[in-house]
There are 2 protein chains.
Amino acid sequence: MGQPGLRERKKLRTRLALIDAALDLFLAHGYDRTTVEQIADAVEISPRTFFRYFASKEDLALDYLTEVETYVLAALAERPADEPPFTALVNAFRTATRKLAEKAAEDTERYLKIRKVLESTPALMGRAIGRSAQTERRITEVLARRQGTDPEHDRRAQLAVAFVAAATRIGFECHDVGTGMGDLVERVEETLALAEEAIRPDWHICPPPGALS
Amino acid sequence: MGQPGLRERKKLRTRLALIDAALDLFLAHGYDRTTVEQIADAVEISPRTFFRYFASKEDLALDYLTEVETYVLAALAERPADEPPFTALVNAFRTATRKLAEKAAEDTERYLKIRKVLESTPALMGRAIGRSAQTERRITEVLARRQGTDPEHDRRAQLAVAFVAAATRIGFECHDVGTGMGDLVERVEETLALAEEAIRPDWHICPPPGALS
DNA sequence: TGTGTTTTGTCAGTCTGTGTCACTAAATTA
DNA sequence: TAATTTAGTGACACAGACTGACAAAACACA
């Protein structure tokens, strides 16, 4: 049992082939004007099988993004327990962004293609942002657990996550995809620095007495 | 031309009838299990005509929300020019929320129904958040014009809008729909106050020398 | 009342996504 | 190695969202 098994390997290959074929078709003809049938044909599988790999066409385009977002969860778990929450978040998003930029060329290329598709398909961009709100919830859970608070009611934690996530998103948005992954990390660092500048240094460490929970 | 004309009035009536019928069906059977045909039948129009009133089923469910968001644009335009940007934003979101809470009972009921549908349909909630990101862009444009900066590059403005919008969203989220519109304003006020508490009082008024643009 | 414009319905069609069933090939067991 | 179980696939049928084209109805106005 040293190998993942023949079946598993083939599945992974088909999955990647679908993503790559789809992204190229999206870039060539546009997301909306590319049909599932065309994608399936390019990989020589039946359209029915396409939906056994991805729940929807949208799913194919956005799944990789949520994967990236989970890096933040991993990075946050690594932060020392005594780090103030806002700082820990900023550092976690920083680390996750760096990790993305340092991936294999093949992976980053895939990522850049997705970004390009997103930029030329506003509706899809909206869906991506909607999804990342879901990830924010999970990040908030981890942060709240760290603080020993209830994620559903700790509004400071919710705010902190929303702030840092928004800053990171803005950093990504002002990164020019045309330049490859080169400037991405810098853009995000800059924007996170701006966010840190905006926040009171002592915020969230100890809630002022009598403050709203 | 004192009246909007018979035709216009009938169109408005049909539009509202569609929204109300749809919301009731959504609440009774769920958003996904309600078909456009059922909604059209309830109002006695053909399914084809439905799509002349709304671009999509999703559109029917979310259009009213974007309408609410535009209140912020109106409120921001009313803020005195010498108010610091972050304060102006907070006040604009405050005013917009109050305006929503003070609408006619019929309108607020519609709004509460939409909220309930959203809560029971995560996918739809995601779409709503994705759309509001679009509104954030428009708010940023107004704020940047106020400051005389370029909305595409003024990252402080982008951050400020994202922060205040996120705080407001969190305020809405922690408002219990079951209690009617009663506590909504308070919840949002509380959350915005928390956000103000988090931000340096002098932030964004005058960028520190040598800061990143 | 007649005429021109808007709105609506009908029909046919595309595309996404799902349920079902039979078939093949891998994995497991004897 | 042979028999058996299991997973992945293709083919077919179908529901539901949405669109384009054209004809019929409803309306506004002279």
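Protein chains get the first letters and strands the later ones, always in sequence-line order, with residue 1 at the start of each. Given the structure is predicted, the values throughout are model-derived calculations rather than measurements.
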Which class fits the ring pair B:Tyr111 and B:Tyr64: parallel under 30°, tilted 30 to 60°, perpendicular over 60°?
tilted
Within this structure, what is the CD1-to-C1' distance between A:Ile45 and D:dA11, rounded to whole angstrom?
14 Å
Distance test, side-chain N/O of A:Ser46 to OP1/OP2 of D:dT9, below 4.0 Å:
no
Using only modelled atom types and a 3.5 angstrom limit, is any donor from either the side chain of B:Arg33 or the base of D:dG16 paired with an acceptor on the other?
no
Which of B:Glu196, B:Glu190, B:Glu186 passes salt bridge (Lys or Arg N to Asp or Glu O under 4.0 Å) with B:Arg94? It is B:Glu196
Would you call B:Glu67 and B:Arg110 a salt bridge, taking side-chain N to carboxylate O under 4.0 Å as the test?
no
Less than 4.0 angstrom from a charged side-chain N to a carboxylate O is my criterion; do B:Arg169 and B:Glu173 meet it?
yes
Atom CD of B:Gln134 with >12 non-hydrogen neighbours under 6.0 angstrom
no
What is the distance, rounded to the nearest whole Å, between atom CZ of A:Arg52 and atom C1' of D:dA11?
10 Å
Between protein and nucleic acid, restricted to nucleotides 14-18 of chain C and to nitrogen or oxygen atoms under 3.5 Å apart, what atom pairs and distances do you find?
| residue | atom | partner | partner atom | Å |
| --- | --- | --- | --- | --- |
| C:dT16 | OP1 | A:Val36 | N | 3.3 |
| C:dT16 | OP1 | A:Lys57 | NZ | 3.3 |
| C:dT16 | OP2 | A:Val36 | N | 3.2 |
| C:dG17 | OP2 | A:Lys57 | N | 2.9 |

Answer yes or no: does a side-chain N or O of A:Tyr53 lie under 4.0 Å from OP1 or OP2 of D:dT9?
yes
Between N or O atoms, less than 3.5 Å apart, protein on one side and nucleotides 27-30 of chain C on the other: list the pairs.
| residue | atom | partner | partner atom | Å |
| --- | --- | --- | --- | --- |
| C:dA27 | OP1 | A:Leu6 | N | 3.1 |
| C:dA27 | OP1 | A:Arg7 | N | 3.4 |

Starting at CD of B:Glu44 and ending at C1' of C:dT10, how long is that distance when rounded to a whole Å?
18 Å
Without decimals, in angstroms, what is the distance between B:His29 NE2 and D:dG16 P?
14 Å
Any heavy-atom pair between the side chains of A:Glu37 and A:Asp41 that's under 4.5 Å?
yes
Within the structure, does a side-chain N or O atom of B:Lys11 lie under 4.0 Å from either OP1 or OP2 of C:dT7?
yes
Salt bridge B:Glu58-B:Arg131, side-chain N to carboxylate O under 4.0 Å:
yes
Does the pair A:Asp154 and A:Gln147 meet the rule for a side-chain hydrogen bond (donor to acceptor under 3.5 Å, both in side chains), with working shown?
CA-CA 10 Å; A:Asp154 185 349; A:Gln147 311 279 106; 5.5 Å; no
Within the structure provided, determine whether A:Phe50 and A:Leu18 are in side-chain contact (heavy-atom separation under 4.5 Å).
yes
